[in-house]
Amino acid sequence: MANGEEIKVLGTWLSPFVIRVRTALNIKGLAYEFLEEVEGYSVKSELLLKSNPVYKKVPVLIHGGKPLSESLVIVQYIEDAFPINGASLLPSDPYDSAIARFWAFYIDDKWFPSLIGILKVKTKEAKEELVKQVHDGLELLEEAFIKCSKGKRWFNGESIGYLDIALGCHLGWLKAVEMLEKMKLLDEEKTPNLFAWAEGFCSDDAVKKVMLENEKFVEYGKKLVIKWTAAAAAVSDSQTK
């Protein structure tokens, strides 16, 4: 319970965006009920369809009976609704706060799609291009970390915040792609600050409660590869008939 109103989260264990929301709630020390949806959305609950009729996807935060969708919007809401709970998720300086939101948008808009794309594409050339994009993105985020952290442990400074959560929620899938593709993406030599940050983030108690073992992401990643391969083959077959 928070402010006398119940908090619920609709989601799946392996969704990085659900992990993002749950981590933010944990950082804030807020109690909530996790309502698990069927992985892969083969069946969508009536509550999900009612709560997010536009996108029909998780995560959904329900606070006091009022639903809210989209993970970055939800994290911002958590900070705005519970400013005195735990540490602030965003810097107090307006410019620093805007920069954190900028990089969070970049992560979801550019970097993460490239990361998952590595598992989707089949040609060597396409895979190499996506790997380059992921590496380039990590180097940009290394520079962003140096500027945002100002010599401290987290992007947010003294405590885990908005941008830490925005990137950190994807670390399970980053490791899964590395293991499935037998490659190194987060390199200690090329991005030493980001490497150390990732180790610390995954070791934090608020994160460990919701971040599954790497093997779980790998197992589900294999299922996704099979699904995407079958879908691509079906499209190819339809085009040759």
Side-chain angles (χ1 to χ4, degrees), residues 13-29 71-72 75 78-79 86-91 96 99-108 110-116 118-119 130-221:
W13 285 95
L14 288 167
S15 166
F17 306 104
V18 175
I19 291 171
R20 175 180 289 168
V21 170
R22 298 182 71 196
T23 300
L25 289 167
N26 289 345
I27 292 293
K28 281 290 191 177
S71 63
L72 288 177
V75 173
I78 291 169
E79 174 60 27
S88 177
L89 299 179
L90 280 160
D96 291 343
I99 290 297
R101 290 195 296 271
F102 168 85
W103 283 113
F105 180 80
Y106 164 79
I107 289 163
D108 284 1
K110 298 293 185 183
W111 184 79
F112 184 65
S114 295
L115 176 67
I116 292 299
I118 294 172
L119 297 179
L130 288 170
V131 170
K132 182 180 183 303
Q133 289 176 17
V134 170
H135 277 301
D136 290 347
L138 288 172
E139 290 180 9
L140 286 173
L141 289 166
E142 170 82 359
E143 295 175 10
F145 177 83
I146 293 170
K147 292 177 181 178
C148 292
S149 67
K150 299 175 182 177
K152 299 191 172 125
R153 187 177 183 186
W154 310 107
F155 278 99
N156 195 47
E158 298 287 358
S159 59
I160 291 176
Y162 183 89
L163 184 50
D164 297 285
I165 296 167
L167 179 59
C169 72
H170 295 304
L171 290 174
W173 281 108
L174 173 64
K175 179 57 69 173
V177 173
E178 288 183 328
M179 295 172 72
L180 286 167
E181 296 292 331
K182 297 179 174 57
M183 62 174 60
K184 190 67 175 176
L185 294 172
L186 186 55
D187 193 307
E188 187 173 7
E189 292 185 3
K190 292 182 179 178
T191 54
N193 292 283
L194 208 58
F195 186 90
W197 163 85
E199 292 285 310
F201 184 85
C202 291
S203 299
D204 189 88
D205 288 340
V207 177
K208 289 193 292 185
K209 292 176 182 177
V210 297
M211 186 78 79
L212 299 182
E213 301 86 355
N214 293 330
E215 290 72 18
K216 296 291 185 182
F217 290 97
V218 171
E219 288 174 13
Y220 192 67

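Being a predicted model, the structure only gives us computed values, none of them experimental.
Separation of atoms CD1 (Ile118) and NZ (Lys132) is listed at 13.0 Å; rounding is to 0.5 Å. To the nearest 0.5 angstrom, Ile19 atom CD1 is 15.0 Å from Lys209 atom NZ. Taken to the nearest 0.5 Å, the CD atom of Glu142 stands 11.5 Å off from the CZ atom of Phe195. Rounding to the nearest 0.5 angstrom, the gap separating the CG atom in Asn193 from the CD atom in Glu143 is 11.0 Å. Within the model, atoms NE2 of His135 and CE of Met183 stand 7.0 Å from one another, a figure rounded to the nearest 0.5 Å. In this structure, OG in Ser114 is found 11.0 Å from CG in Leu185, a value given to the nearest 0.5 Å.
The two atoms that bring Leu186 and Ala198 nearest to each other are CD2-CB, 3.7 Å, heavy atoms only. The two residues Ser203 and Lys208 have their closest heavy-atom pair at O-CE, 3.3 Å. Nearest approach of Leu72 to Ala166, heavy atoms of both residues: CD2-CB, 4.2 Å. Closest approach of Ala87 to Ser159, counting heavy atoms only: CB-OG, 3.3 Å. In terms of heavy atoms, Ala206 sits closest to Asn26 at O-ND2, 3.0 Å. Closest approach of Ala104 and Leu163 over heavy atoms only: N-CD1, 3.7 Å.
Met211 places none of its side-chain heavy atoms less than 4.5 Å from the side chain of Thr23. Looking only at side-chain heavy atoms (C-beta outward), Leu89 and Lys28 come within less than 4.5 Å of each other. You'll find the side chain of Leu25 reaches within 4.5 Å of the side chain of Ile78, heavy atoms only. Trp111 places a side-chain heavy atom less than 4.5 Å from the side chain of Leu167. In this structure, Asp204 and Ile27 have side chains that are in contact, with non-hydrogen atoms separated by less than 4.5 Å. Contact check for Asn156 versus Tyr162: no side-chain heavy atoms found under the 4.5 Å cut-off. For the pair Tyr220 and Trp173, the minimum side-chain heavy-atom distance is below 4.5 Å. Counting heavy atoms from C-beta outward, Leu90 and Arg101 have side chains that approach closer than 4.5 Å.
The backbone N or O of Pro113 sits nowhere less than 3.5 Å from a side-chain atom of Gln133 that would complete a donor-acceptor pair. For Glu181 (side chain) and Leu119 (main-chain N/O), no donor-acceptor pair under 3.5 Å exists by modelled atom type. Between the Asp164 side chain and the Phe155 main chain, a donor and an acceptor come within less than 3.5 Å of each other.
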Decide side chain to side chain contact (heavy atoms under 4.5 Å, CB included) for Ile99 and Trp103; before the verdict, give the C-alpha distance in whole Å, the side-chain angles of both, and the deciding distance to 0.1 Å. CA-CA 6 Å; Ile99 290 297; Trp103 283 113; 3.7 Å; yes

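Ring geometry for Phe201 against Trp154 counts as perpendicular: the plane angle is over 60°, on a 0 to 90° scale with 30° as the lower cut.
Within a 6.0 Å radius of NZ in Lys147, no more than 12 heavy atoms belonging to other residues, nucleotides or ligands are found. Taking a 6.0 Å sphere around CD of Glu188, one finds it holds 12 or fewer heavy atoms contributed by other residues, nucleotides or ligands.
Between Asp108 and Arg20 there is a salt bridge, since at least one side-chain N of the basic residue sits less than 4.0 Å from a carboxylate O of the acidic one. Ion pairing of Lys216 with Glu213 is absent here, as no side-chain N (NZ or NE/NH1/NH2) approaches a carboxylate O to less than 4.0 Å.
Of the candidates Lys150, Arg153, Lys152, Glu158 forms a salt bridge (Lys or Arg N to Asp or Glu O under 4.0 Å) with just one, namely Lys152.
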